[in-house]
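What follows is a short report on a single structure.
None of the values given here were measured: they were computed from a predicted structure. Values reported hereafter were calculated over all heavy atoms of this structure, with side chains retained and with hydrogens, waters and symmetry mates removed. So that the names make sense, note that chain A is the first sequence line, chain B the second, and so on, each numbered from 1.
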Protein chains: 2
Amino acid sequence: MAKDTKVRILNAAEALFAEQGFTQTSMRAITARADVNLASVNYHFGSKKNLIQAVLKRYFDVLMPQIDTVLAKHNVVTGVGGVQSLLMSLVPPMMTLSNVRPKGTALFVQLLGRGYNETQGHLRRFIMHDYGKSVAGLMAALHASLPEVDDHELFWRLHFAIGSFVFSMASSQALTEIAEADFNQDVDIQAVILHLVPFVSQGIAGHSA
Amino acid sequence: MAKDTKVRILNAAEALFAEQGFTQTSMRAITARADVNLASVNYHFGSKKNLIQAVLKRYFDVLMPQIDTVLAKHNVVTGVGGVQSLLMSLVPPMMTLSNVRPKGTALFVQLLGRGYNETQGHLRRFIMHDYGKSVAGLMAALHASLPEVDDHELFWRLHFAIGSFVFSMASSQALTEIAEADFNQDVDIQAVILHLVPFVSQGIAGHSA
DNA sequence: GTCTATAGATCGATAGAC
DNA sequence: GTCTATCGATCTATAGAC
């Protein structure tokens, strides 16, 4: 019983963090949902900040090695098609996050979005410190597909693409409400990604055919 | 002296809200920065939630009538070019927000991004209630430029586009750090928009030429 | 490793004098 | 309209018994 207290906390925390954001989720809410004692969070994780990192680490440790593998096998193709095929090759690794936890893929992206503008850079620094090499590899692969686009232009386009993804998932609850109200359509992560990849591929590749 | 207390509060609040987010900004921090008494916020605005709405209302009341005017004069052109020209026509109204306040355009977009995933829909409901007509007009104009794209596909692309914009500005502090470190390049709102418009125009228009 | 109890800080909001 | 003072609620974190 004692052994899975950490996991119970992680599971409860990620759900609440994704729904409400980090700041607006209290340790009391987390421990109540996990059905564990309030003090156990600090015993197992030391602090709330560490808990936030631990929640994301569970996903990054699964995702990043797969991305490294995909990038190592990746064949460079230039232009929109190349960007799109590169991005599509990242989809299966992303989808395996739902093996970590039910709805894991959606949770992960939501958490990423929350982290980007709620933690004042703490989370970003944590990511770049622990997984910076994988991120750099992805940027290099993208650059190889678009040799005519210069560095800082590619920098912009990549962040617009991240914004599209992260914002859409971070506000997916709002979007779900809108989409279901307007179109009576269910919103799930796979649908978002399949709509997203062509969008950002076009945007990233720009005017190149 | 008494007369501009409301304005002092609004100015201090918007700066802190944009920097730190709504939840993480206390009324004490706001009143300290505004150099007014703590109790004056509740006297003038009633609550923190009302203050948040008042901060955004200052910008919406300037922006939305201009967007209505632009849309009324807009000539429909289909395809990527039409989308791009439509979006470009929204840039001047956006830029006038810097007349409301120094750096007003950037502040507004940052606040919008914060509001979208920090206020649990309160702000979105406020916007749609007070300015929903203008938003609907913009969507209709976009649809006219892309008659071959169906409703829910356009819905997705539009939200990706909003995500690109809002995320980029909401995390502009982080992006500024990265950009200046990597490319020694200053990041300002005009630069973001000029990079963004082609990106989202391509993305929204999709495969249509 | 789990619990109770509580320290210590901070929050939004308000009562009431001026 | 502005101020002091404070209420009552909430928060993270920890000490110490078991």
Side-chain angles (χ1 to χ4, degrees), chain A residues 1-58 111 114-115 117-123 125-126, chain B residues 1-58 111 114-115 117-123 125-126:
Chain A
M1 205 55 53
K3 215 201 79 210
D4 60 354
T5 295
K6 280 186 77 162
V7 176
R8 296 172 68 85
I9 293 171
L10 287 170
N11 294 349
E14 69 176 7
L16 291 170
F17 286 155
E19 281 172 26
Q20 308 174 336
F22 301 110
T23 309
Q24 295 187 261
T25 298
S26 67
M27 322 252 312
R28 281 173 171 80
I30 294 167
T31 53
R33 177 168 178 144
D35 200 27
V36 300
N37 189 272
L38 170 62
S40 62
V41 175
N42 277 291
Y43 176 79
H44 286 288
F45 297 96
S47 70
K48 185 178 179 179
K49 186 151 87 178
N50 285 348
L51 174 59
I52 293 172
Q53 291 190 2
V55 163
L56 272 126
K57 184 171 166 49
R58 225 173 15 161
L111 294 167
R114 300 282 189 191
N117 47 31
E118 255 191 74
T119 59
Q120 288 168 320
H122 293 152
L123 212 52
R125 280 190 290 276
F126 158 69
Chain B
M1 206 59 50
K3 211 200 82 216
D4 61 352
T5 294
K6 281 185 78 160
V7 176
R8 295 173 69 86
I9 293 170
L10 287 170
N11 293 349
E14 71 175 5
L16 291 171
F17 286 155
E19 279 171 28
Q20 310 174 335
F22 300 110
T23 309
Q24 295 187 262
T25 299
S26 68
M27 321 230 13
R28 283 170 173 80
I30 294 166
T31 52
R33 176 166 179 146
D35 200 27
V36 300
N37 188 272
L38 170 61
S40 61
V41 174
N42 277 291
Y43 176 80
H44 286 288
F45 297 97
S47 72
K48 186 178 179 179
K49 187 152 89 178
N50 284 348
L51 173 60
I52 294 172
Q53 291 191 4
V55 163
L56 272 125
K57 185 171 163 51
R58 238 187 347 174
L111 293 168
R114 299 284 189 190
N117 47 30
E118 256 192 73
T119 59
Q120 288 166 320
H122 294 152
L123 213 51
R125 280 191 290 275
F126 159 68

In a table with atom names and distances, give each donor-acceptor pair under 3.5 Å that connects a side chain of residues 48-55 of chain A to protein atoms at least two apart or in another chain.
unit_1 : atom_1 : unit_2 : atom_2 : d
A/K48  : NZ     : A/F22  : O      : 3.0
A/K48  : NZ     : A/T25  : O      : 2.7
A/N50  : ND2    : A/F45  : O      : 3.1

Under 4.0 Å protein heavy-atom contacts per nucleotide of nucleotides 12-17 of chain C, with B for base, S for backbone only and - for none
BBB---
Looking at A/N37, I'd like to know whether one of its side-chain N or O atoms comes within less than 4.0 Å of OP1 or OP2 on C/dG1.
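The answer is no; no side-chain N or O of A/N37 sits under 4.0 Å from OP1 or OP2.
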Taking OP1 and OP2 of C/dT2, is either one under 4.0 Å from a side-chain nitrogen or oxygen of A/T5?
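A/T5 to C/dT2 OP1/OP2: side-chain N or O found under 4.0 Å.
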Going by the rule side-chain contact (heavy atoms from CB on, under 4.5 Å), which residues pair with [X] if we only count those two or more places apart in sequence or in a different chain?
{"X": "B/S40", "value": "B/T5, B/I9, B/V36, B/H44"}
{"X": "B/A29", "value": "B/L16, B/S26"}
{"X": "A/A12", "value": "A/I30, A/R33, A/A34"}

side-chain hydrogen bond (donor to acceptor under 3.5 Å, both in side chains) partners of A/T23, counting only residues at least two apart
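Only A/E118 meet the side-chain hydrogen bond (donor to acceptor under 3.5 Å, both in side chains) criterion with A/T23.
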Mind checking what makes side-chain hydrogen bond (donor to acceptor under 3.5 Å, both in side chains) contact with B/T119, not counting sequence neighbours?
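If we apply the side-chain hydrogen bond (donor to acceptor under 3.5 Å, both in side chains) test to B/T119, skipping adjacent residues, there are no hits.
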Output the rounded distance in Å from CD (A/Q20) to P (D/dC11).
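That distance rounds to 10 Å.
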Separation of atom CG in A/D35 from atom P in C/dT2, rounded to whole Å
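A/D35 atom CG is separated from C/dT2 atom P by 12 Å.
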Dot-bracket for DNA chain D, please, read 5' to 3', with Watson-Crick or G-U wobble pairs under 3.5 Å on both distances, ( ) within the strand, [ ] crossing, | other strand, . unpaired.
||||||||||||||||||
Below 4.0 angstrom, which residues in residues 9-18 of chain B have at least one non-hydrogen atom near DNA chain C?
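Output list: empty, so none.
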Is there side-chain contact between A/R58 and A/N11, with heavy atoms separated by less than 4.5 Å?
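SC-SC contact between A/R58 and A/N11 confirmed.
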Any non-hydrogen side-chain atom of A/R114 less than 4.5 Å from a side-chain atom of A/L123?
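When only atoms from C-beta onward are counted, A/L123 and A/R114 do not touch, as no gap falls below 4.5 Å.
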